[in-house]
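On a predicted model such as this, the values are computed, not experimentally measured, just so you know.
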Amino acid sequence: MTAQYPLHSHIVLLSNLTQLSPLLYLTGFPGLETVEHWIFIFFFLMYLVAISGNCFILIIVKTNPRLHTPMYYLLSFLAFTDLGLSVSTLPTTMGIFWFKSHGIYFGGCQIQMFCIHSFSFMESSVLLVMSFDRFVAICYPLRYSVIITGQRVVRVGLIVILRGPVALIPIVSLLKTFPYCGSRVLSHSFCLHQEVIHLACTDTTFNNLYGLSLVVFTVMLDLVLIALSYGVILHTVARLTSKEERLRAFQTCTSHLCAVLVFFVPMMGLSLVHRFGKNAPPAVHLLMANVYLFVPPMLNPIIYSIKTKEIRRVISKLLG
């Protein structure tokens, strides 16, 4: 049985060892110790690309006056949230690989989950505002400069971005009041609310319903509004008479559309696995959580560097 299910057996053993511990235990990648050095290299490269790429985007926009426009302000917001998401998971993930440090105090776990979920909600909000920017640019091009101004984008962006962190405060704070018994083992190398709440040995109906409502009225609502924006955009593009105009209009949306897919597809997959896949193999939970948190911050700067003409121009100058 152990040979067939090494990951499950490893977690059961850790559960028995940590029942009396004041720490939560982050498992990382149990059962894969023999290839852990390769996993470390892979994660190190992902962090390197994500952090350096998003810092590069922020520096380019900051130092180039030509890029001080609403579209690039939004790109800066996106790079900032991706950077925050990467830095939120960095201490525990790299701590497991470098120092074999699996323990985390509950307060530290609360801070980490607050940061991870906050930056996730922020990214969803930024993608929503960016979709509205593309909607106005394509559907009302003559009024774009009047409707979308730098000052307005910054104000609206800050308001929409802060809704997630403010709404998260109650459920993250309530976790401290719950009694915890039995296993204190988490199946990831970082803390997520939907996993920690399962360790509580009391009624957590409020947290479960509040968390579900929060996801529905932020992430799901954002996704619906983004889909509606693109529905109108596609309708407008289809009515253009020239094929070149249709292609040019749609190309202005490709970067944002790629970013939307890269962010929302893994997030929906992870939510479904946690809600309905309780009997799924632990490896599935590990895979979905890591794809959701590590892939978007790594790919977004690459997507925008390839697809955005002004970013490509700056890169060409630096390389030339």
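Listed here is the closest heavy atom pair of Asn54 and Pro297: ND2-O, 3.0 Å. The two atoms that bring Ser255 and Tyr304 nearest to each other are CB-CE2, 3.5 Å, heavy atoms only. Nearest approach of Ser86 to Tyr47, heavy atoms of both residues: O-CE2, 3.3 Å. Across all non-hydrogen atoms, the minimal contact from Cys139 to Val232 is SG-CG1, 3.8 Å. Here the closest non-hydrogen pair linking Phe190 and Ala289 is CZ-CB, 3.9 Å.
Linking ILVMFWY side-chain heavy atoms closer than 4.5 Å, directly or via other members, places Val265 and Phe119 in two distinct hydrophobic clusters. Residues Leu261 and Phe264 do not share a hydrophobic cluster, clusters being chains of Ile/Leu/Val/Met/Phe/Trp/Tyr side chains in contact below 4.5 Å. In the hydrophobic clustering of ILVMFWY residues, with side-chain heavy atoms under 4.5 Å counting as a link, Val196 and Phe178 come out together.
Checking side-chain atoms of Thr308 against main-chain N and O of Ser305 turns up no donor-acceptor pair under 3.5 Å. A donor-acceptor pair under 3.5 Å links the side-chain atoms of Thr254 to the main chain of Gln251, judged by distance alone. Checked by atom type and distance alone, the side chain of Tyr210 pairs as donor or acceptor with a backbone atom of Ala167 at under 3.5 Å. Judged by distance alone, with hydrogens and angles left aside, the side-chain atoms of His193 form no donor-acceptor pair with the main-chain N or O of Val172 at under 3.5 Å. Put simply, the side chain of Arg246 gets close to the backbone of Leu240: a donor and an acceptor are under 3.5 Å apart. At least one donor-acceptor pair closer than 3.5 Å links the side chain of Thr27 to the backbone N or O of Leu186.
For Tyr180 and Thr202, the side-chain atoms include no donor-acceptor pair closer than 3.5 Å. One side chain, Tyr230 or His256, offers a donor N or O that lies under 3.5 Å from an acceptor on the other. Defined by atom type and a distance below 3.5 Å, a donor-acceptor pair is missing between the side-chain atoms of Asn290 and His188. Looking at Thr92 and Gln112, their side chains do bring a donor and an acceptor atom within 3.5 Å of each other.
Leu199 pairs with exactly one of Leu175, Thr204, Leu24 by the side chain to side chain contact (heavy atoms under 4.5 Å, CB included) rule, that one being Leu24.
Between Trp98 and Phe44, the ring planes lie tilted relative to each other; the angle falls in the 30° to 60° range. Ring pair His102/Tyr25 is parallel by interplanar angle, where below 30° counts as parallel and above 60° as perpendicular.
Side-chain contact between Pro266 and Val295: absent, with no pair of heavy atoms (C-beta onward) separated by less than 4.5 Å.
For the atom pair Ile138 CD1 and His235 NE2, the distance stands at 13.5 Å (nearest 0.5 Å). Atom CD1 of Ile147 is separated from atom CZ of Phe135 by 8.5 Å, given to the nearest 0.5 angstrom.
Applying the side-chain hydrogen bond (donor to acceptor under 3.5 Å, both in side chains) test to every pair with at least one member in residues 135-153, sequence neighbours left out, gives these pairs: Asp133-Tyr144. Applying the side-chain hydrogen bond (donor to acceptor under 3.5 Å, both in side chains) test to residues at least two apart or on different chains, the pairs with a partner in residues 65-75 are Arg66-Glu310.
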List the steps, then state whether side chain to side chain contact (heavy atoms under 4.5 Å, CB included) holds for Phe263 with Ser124.
-> CA-CA 8 Å; Phe263 177 73; Ser124 174; 3.8 Å; yes
Working for side chain to side chain contact (heavy atoms under 4.5 Å, CB included), residues Ile51 and Leu90 = CA-CA 10 Å; Ile51 293 174; Leu90 179 64; 4.3 Å; yes
Evaluate the criterion side chain to side chain donor-acceptor pair (under 3.5 Å) for residue pair Glu123 and Asn300; output intermediate values, then yes/no.
-> CA-CA 11 Å; Glu123 184 148 346; Asn300 282 337; 3.2 Å; yes
Could you check Ile60 against Leu67 for side chain to side chain contact (heavy atoms under 4.5 Å, CB included), going step by step and ending with a plain yes or no?
-> CA-CA 8 Å; Ile60 284 178; Leu67 303 185; 3.4 Å; yes
Would you check, one step at a time, whether the test side chain to side chain donor-acceptor pair (under 3.5 Å) holds for Arg163 with Ser125?
-> CA-CA 9 Å; Arg163 63 176 181 161; Ser125 301; 3.1 Å; yes
Stepwise side chain to side chain donor-acceptor pair (under 3.5 Å) test for Tyr292 and Ser120 = CA-CA 10 Å; Tyr292 153 58; Ser120 295; 2.5 Å; yes
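The local environment of CZ in Phe250 is sparse, with at most 12 non-hydrogen atoms from other residues, nucleotides or ligands closer than 6.0 Å. Around the CZ atom of Phe80, the shell of radius 6.0 Å holds no more than 12 heavy atoms that belong to other residues, nucleotides or ligands. Taking a 6.0 Å sphere around CE of Met220, one finds it holds 12 or fewer heavy atoms contributed by other residues, nucleotides or ligands.
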